[in-house]
Amino acid sequence: PTRIYPKAPYPMELSIRTRAGFSGTVIESLPIGTTLLETDGGTISQYGDAVRVSWDLTLLPGEEKHLKYIFDAPDASPFLYLFGPLEMKEEQADVFTELRTWKVASDALGGYVEKGVSWRPTVAGSWEAKDLSGAPFSVPANAVAEIAVINSDVAAARVGGVRHASSTLTRSINLNRTETQGTGEFTMHVQVSATSSIQTFAANTSYISFVLLGYWTDGYYVERMDQIDPNNANNTWGNINLSTFGAASGTVAEMIVGNWTTNAEQNGGVRRSGSSLSRFLNIHQSTTAGVNGTTMLVKASSSNATIEGFAQTEGANNASIDYWLVGYWSQNPTGLTYTERFDDLLGPTATSTWTTKALDSFSVPALAVTDISVGNISGANGTMLIGARASGSTIDRTFDFHNAVAGGGVFGSMHVKAGATASSTIEYYSEDLLSDQFNLLGYWAPTNDVPAAPTLYGEPFESEKTGSSTP
């Protein structure tokens, strides 16, 4: 093959025919990190920075032999691997060396597909199956969907949630009521079933609604619903150990940070253990029994799955700032890793207009999938349409957020794919340039630990290597 999907194994066949007789060893060299699943009787070894498979072979003049192996290349993408050159030796003497290496392109990454499709539930007070397979959703089987759960009730807090089609978790939160109009929301990921179904919960079908913000084409997301009280001191960052809840070291967790306080906004946030980022938001007060909050991804430490949480006022569960672990990625989207950021993107320069925003100054690479927080920090009565989407998109990907009377902000989050140019652009939208807040929470991009350029016997492969590969 010349192009591969990095998660799949592939067969390779070598055809050898000699003009003269041959009795010796045939050696195929592959990049380090390659797994050989079958070798057709060959022997696997490592020599320097190459994986080798070798066969002892005897051929009569004019005889042809077919050798086969099945390989699984490292799960890095995009990347260009070079295989070979094939060598034939008799008693350690070079008899033949291919004139060039073979290029194999690994270029299938996990991808994010933006959507902006809303719907209302039909059942109140119990979990309801929702099929996302057909139009306008078109979510493929086993994808990981990103869904906003929305409350538009101005009089009462309402419970809403999402979960896997076969889950029994009570994976829902009591969303605070809105102020005079508009909506509030929180975001959750959910892995869809083999038939592209999920379950939703709505305490009331008139006020709870859902928006499919997008979906990841692969990866494995483990749902949780754990309310956590780390009992830290006020206005400090404190450790939260996620291994207690099954998260492994280095996993990317999805956290909801909520404010229960009924008379004041509160700062709350999460970040990677050891980070120095001031990665928290000033979350609007609660006005009923519900909670205002925001969703953040955070990468657990590589040693003990610890993150850090910040609470302006620490209290028991259902008081002041609380944290919920709503899930984590046990397997990231293929080839991608998550990098935390916390940057003020400022707002658009034009009201009610989708405006281009370059993110390269925030170290976001081209085609990264960004994690964007949008917020309404206006204390005046009214609502604000605010959102973000990929450059060139025509999707109306906005929230109609209620105002934040008495301070703080009403926040939501969504993933947005950056453009292919070096400026890594997205588009964002705001109805009120004085009261919007846009933050870059992080981004997904090809892993930074892609193997170095493949080498053989300590020497770099060349794109068109000729002659012997032995230094």
Side-chain angles (χ1 to χ4, degrees), residues 109-122 128-152 160-165 171 183-202 208-221 223 254 294-295 297 326-327 329 332-334 336 338 354 357 367-374 385-401 411-420 425-429 438 441-444:
L109 289 170
Y112 180 80
V113 177
E114 289 184 16
K115 292 284 186 175
V117 185
S118 62
W119 77 94
R120 288 196 177 276
T122 60
E128 176 185 15
K130 180 63 179 178
D131 183 2
L132 299 179
S133 63
F137 306 103
S138 303
V139 178
N142 302 311
V144 180
E146 183 180 32
I147 295 184
V149 184
I150 294 174
N151 180 22
S152 60
V162 292
R163 69 185 187 187
H164 187 269
R171 197 168 183 257
T183 65
E185 73 91 41
F186 62 84
T187 301
M188 283 183 174
H189 282 81
V190 54
Q191 189 122 27
V192 307
S193 70
T195 58
S196 300
S197 294
I198 62 171
Q199 295 180 68
T200 64
F201 183 91
I208 291 292
S209 60
F210 304 93
V211 178
L212 172 66
L213 296 172
Y215 63 85
W216 296 90
T217 55
D218 70 352
Y220 191 78
Y221 179 85
E223 294 178 13
E254 185 172 32
T294 188
T295 303
L297 298 184
V326 296
W329 293 85
N332 288 351
T334 300
L336 301 182
Y338 184 78
W354 284 101
K357 177 65 177 180
L367 297 178
V369 180
T370 62
D371 184 11
I372 304 292
S373 170
V374 300
L385 284 173
I386 188 169
R389 68 185 186 186
S391 291
S393 173
T394 58
I395 299 174
D396 181 13
R397 211 161 177 258
T398 57
F399 296 122
D400 189 21
F401 280 158
F411 297 101
S413 64
M414 59 180 71
H415 283 89
V416 182
K417 190 168 184 178
T425 58
I426 63 169
E427 292 180 5
Y428 56 174
Y429 183 100
F438 293 87
L441 299 177
Y443 60 86
W444 295 86

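Counting from 1, the numbers follow the sequence of the chain as shown.
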Please find the pair of heavy atoms, one from [X] and one from [Y], that lie closest to each other, and give the distance.
X      : Y      : result
Gly219 : Gln191 : O-NE2, 3.1 Å
Ser413 : Glu185 : N-OE2, 3.4 Å
Ala194 : Ala141 : O-CB, 3.2 Å
Pro333 : Trp444 : CD-CZ3, 3.7 Å
Met414 : Phe399 : CE-CE1, 3.3 Å
Asp218 : Val144 : O-CG2, 4.3 Å

Nearest 0.5 Å, what's the [atom1]-[atom2] distance between [X] and [Y]?
X      : Y      : atom1 : atom2 : answer
Phe201 : Ile208 : CZ    : CD1   : 9.0 Å
Met188 : Arg171 : CE    : CZ    : 5.0 Å
Thr370 : Lys417 : OG1   : NZ    : 11.0 Å
Trp354 : Ile426 : CH2   : CD1   : 9.0 Å
Ser118 : Phe210 : OG    : CZ    : 11.5 Å

Check whether any side-chain heavy atom of [X] lies under 4.5 Å from a side-chain heavy atom of [Y], and answer yes or no.
X      : Y      : result
Phe137 : Asp131 : no
Leu132 : Tyr215 : no
Glu114 : Val416 : yes
Glu128 : Thr200 : yes
Phe401 : Thr183 : yes
Val139 : Ile198 : no
Tyr221 : Glu254 : yes
Val369 : Trp216 : yes

Side-chain donor-acceptor pair present, Thr425, Glu427, cut-off under 3.5 Å: no
Side chains of His164 and Glu223, donor plus acceptor under 3.5 Å: no
Qualifying residue, where the test is side chain to side chain contact (heavy atoms under 4.5 Å, CB included) with Thr187 and the options are Thr294, Val326, Val149, Leu213: Leu213
Centroid-centroid under 6.0 Å between Trp329 and Tyr338 rings: no
